[in-house]
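Step one of this worksheet: look at the structure below.
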Amino acid sequence: MTNLHGYPEPRQTTSAQETQARDWAQARLSPYRFMHSEGVVETITRLGTHYQIAALPALRLAGWIHDAAKELPPDELLALAEALGCAIRPVERACPDLLHGEVAVALARRDLGIDDPVITSAVRYHTTGAPGMSQADRAFYLADLIEPSRSYAWIMQARALAYEDLDVALLFVITYQLRRLLKQGAIIDPRAMELRNELLLSGVQFVLRQP
Ligand SMILES: [Fe+2]
Ligand SMILES: [Fe+2]
């Protein structure tokens, strides 16, 4: 059996809680963003199976909810973050989109009663990464970037690396993401730089193949 993207469906049962989270997210998202979320769930299932990550069921739930606040306008996102009691860093006040994971965590807690630390952490850090991420967080961060509907110049290399070594893949995609942001003159979340430094300081390396 194949899925929307033409890949064989990984064998994974869908729990009642997952169905509830999927329906909740679908009601909040455009068809495009919902398809992305489906892609993240498929991809984290593959990666989680490949690396035998015990928290895979929680990560599948994270896949459904992670972008639930992504399509809110910046002023609404900021207001909602304040109303839900999220801690807001200066960089997030300047770029409210950085808050969409944190707000999704708060909404899922409020609406679905989801308070699992594995889910919370994966959703919270999926946008920028952060130092000290768990293996589950790292796999989830990559699943968000390499799911089938994504298309970057470097996507094929990132997809291949993700199944070879999570840390090398992570360093690779973060470096390309930061290069893109620097070229755009965008504000950069220090968490992304801290994660990149953490990887480099622990000896992770990759060869930059594209200009
Ligand atoms: Fe996101
Ligand atoms: Fe996403």
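In this chain, numbering begins with 1 at the start of the sequence shown. We count ligands from 1, going down the list as the structure has it; atoms in each ligand are counted the same way.
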Can you tell me if D144 has an N, O or S atom under 2.8 Å away from the Fe ion (ligand 1)? no
Is the distance from the Fe ion (ligand 1) to the nearest N/O/S atom of H66 under 2.8 Å? no
Say you draw a straight line from OH of Y176 to CG of L145; how long is it, rounded to the nearest 0.5 Å? 14.0 Å
Nearest 0.5 Å, what's the CD-CG distance between Q135 and L166? 6.0 Å
Check: D137/H126 side-chain N/O donor and acceptor closer than 3.5 Å: no
Under 2.8 Å: N/O/S of H126 next to the Fe ion (ligand 2): no
Report yes or no: is the cationic atom of R28 (NZ for Lys, CZ for Arg) under 6.0 Å from the centre of the six-membered ring of W24, at an angle within 45° of the ring normal? yes
The N/O/S atom of D67 lying closest to the Fe ion (ligand 1) is OD1
